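Inspection log for the structure reproduced underneath, given as structure tokens.
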Amino acid sequence: ILEISEYPGSSNDYYGGGNNNASHYPFVASVLDDIELGNDEYVNITLDNVPEQDKVEIMTAFVRSENGQSYVYKEEDGVLKRQIVEAKTSTDGYSTQILSGVTSEDKLAFPYGKGVKEGAKTKEGTIGELYGYSDGVG
């Protein structure tokens with residue numbers, strides 16, 4: 001697979017069957033074997049040995065935007081660093097997939113409040129510890 005569209009295409013083919021809940025995303029694939037395909041012929045594509053990417057999905061509230069750029073604050077060497085990210089917000093708006101800029105190993109800060117700025121010292125803790133209660137949830 002060389003490319004998959006970010007936007008669904010029209011489902012005018014016979015697989016759509018009038019189902020408004022189905023979306024079809026156009027893609028471009030390269031066929032490595034020497035085959036001849038004619039009009040109205042098809043191939044089945046199976047993805048094998050696809051490496052698992054480091055998927056990072058966070059609450060949308062952790063992502064800020066300024067001048068068209070998305071960013072988060074992450075901990076680096078005990079201080080906050082403003083990190084530009086490539087982000088894609090989910091359709092429900094509650095979560096955001098981070099495509100590049102941070103990994104699942106990074107520690108992110110909730111980006112609101114007077115003390116949240118690049119260079120601010122960080123303190124690691126659970127949500128309960130940071131908000132002054134301890135209920136075992138964090």
Side-chain angles (χ1 to χ4, degrees):
I1 304 290
L2 302 174
E3 178 183 328
I4 300 174
S5 174
E6 291 185 30
Y7 306 100
S10 63
S11 58
N12 293 334
D13 63 335
Y14 54 89
Y15 290 115
N19 183 351
N20 293 334
N21 296 321
S23 297
H24 301 272
Y25 290 80
F27 63 91
V28 176
S30 175
V31 179
L32 301 178
D33 294 333
D34 188 21
I35 61 173
E36 291 184 29
L37 292 173
N39 289 337
D40 297 324
E41 292 183 323
Y42 65 92
V43 295
N44 288 325
I45 297 175
T46 303
L47 300 177
D48 292 328
N49 300 323
V50 177
E52 184 65 26
Q53 295 178 334
D54 188 15
K55 296 179 183 176
V56 179
E57 190 158 323
I58 61 176
M59 291 172 45
T60 300
F62 280 81
V63 181
R64 306 274 322 248
S65 289
E66 187 175 293
N67 299 324
Q69 283 191 320
S70 297
Y71 65 93
V72 297
Y73 283 103
K74 73 176 191 175
E75 184 275 336
E76 191 171 286
D77 299 323
V79 296
L80 288 181
K81 176 185 176 193
R82 181 177 163 157
Q83 178 66 47
I84 302 296
V85 294
E86 182 182 357
K88 182 177 181 183
T89 304
S90 67
T91 55
D92 65 12
Y94 293 108
S95 63
T96 296
Q97 184 178 22
I98 304 298
L99 305 173
S100 67
V102 296
T103 70
S104 59
E105 300 300 315
D106 289 319
K107 296 174 183 171
L108 304 181
F110 193 65
Y112 302 93
K114 291 185 273 185
V116 180
K117 59 185 175 189
E118 193 159 32
K121 290 185 180 184
T122 61
K123 178 181 178 183
E124 186 175 344
T126 65
I127 291 174
E129 291 169 339
L130 295 174
Y131 284 101
Y133 60 87
S134 181
D135 61 2
V137 178

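This is a predicted model, so every value here is computed, not measured.
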To the nearest 0.5 Å, tell me how far I84 CD1 sits from Q69 CD. 4.0 Å

Partner residues of R82 under the salt bridge (Lys or Arg N to Asp or Glu O under 4.0 Å) criterion, sequence neighbours left out: E66

For K107, check salt bridge (Lys or Arg N to Asp or Glu O under 4.0 Å) against everything at least two apart and list the hits. E124

Separation between NZ (K123) and CD (E75), nearest 0.5 Å, reads 14.5 Å

Report yes or no: do M59 and V102 belong to one cluster of Ile/Leu/Val/Met/Phe/Trp/Tyr joined by side chain heavy-atom distances under 4.5 Å? yes

Does Y112 share a hydrophobic cluster with Y73, counting links as ILVMFWY side-chain heavy atoms below 4.5 Å and allowing steps through other members? no

Has the side chain of S90 got a donor or acceptor atom that lies under 3.5 Å from a matching backbone atom of S95? yes

Distance (rounded to the nearest 0.5 Å) between K74 NZ and E118 CD: 11.0 Å

Closest heavy-atom pair and its distance - F110, V116: O-CG2, 3.6 Å

Between V72 and F62, the two heavy atoms sitting closest are CG1-O, 3.5 Å

Audit row: K81, V79, side-chain contact (heavy atoms from CB on, under 4.5 Å) steps and yes/no: CA-CA 7 Å; K81 176 185 176 193; V79 296; over 6 Å; no

Which pair of heavy atoms, one from L80 and one from K117, lies closest together, and at what distance? CB-O, 3.6 Å

Are L108 and I98 connected, step by step, through hydrophobic side chains (Ile, Leu, Val, Met, Phe, Trp, Tyr) whose heavy atoms are closer than 4.5 Å? yes

Is the OH atom of Y94 crowded by more than 12 outside heavy atoms at less than 6.0 Å? no

Where is the tightest heavy-atom contact between G101 and Q83, given as atom of each residue plus distance? O-CG, 3.2 Å

Tightest non-hydrogen contact, residues S104 and V56, listed as N-CG2, 3.4 Å

What one should report as the nearest heavy-atom pair of A61 and P111 is O-CG, 3.4 Å

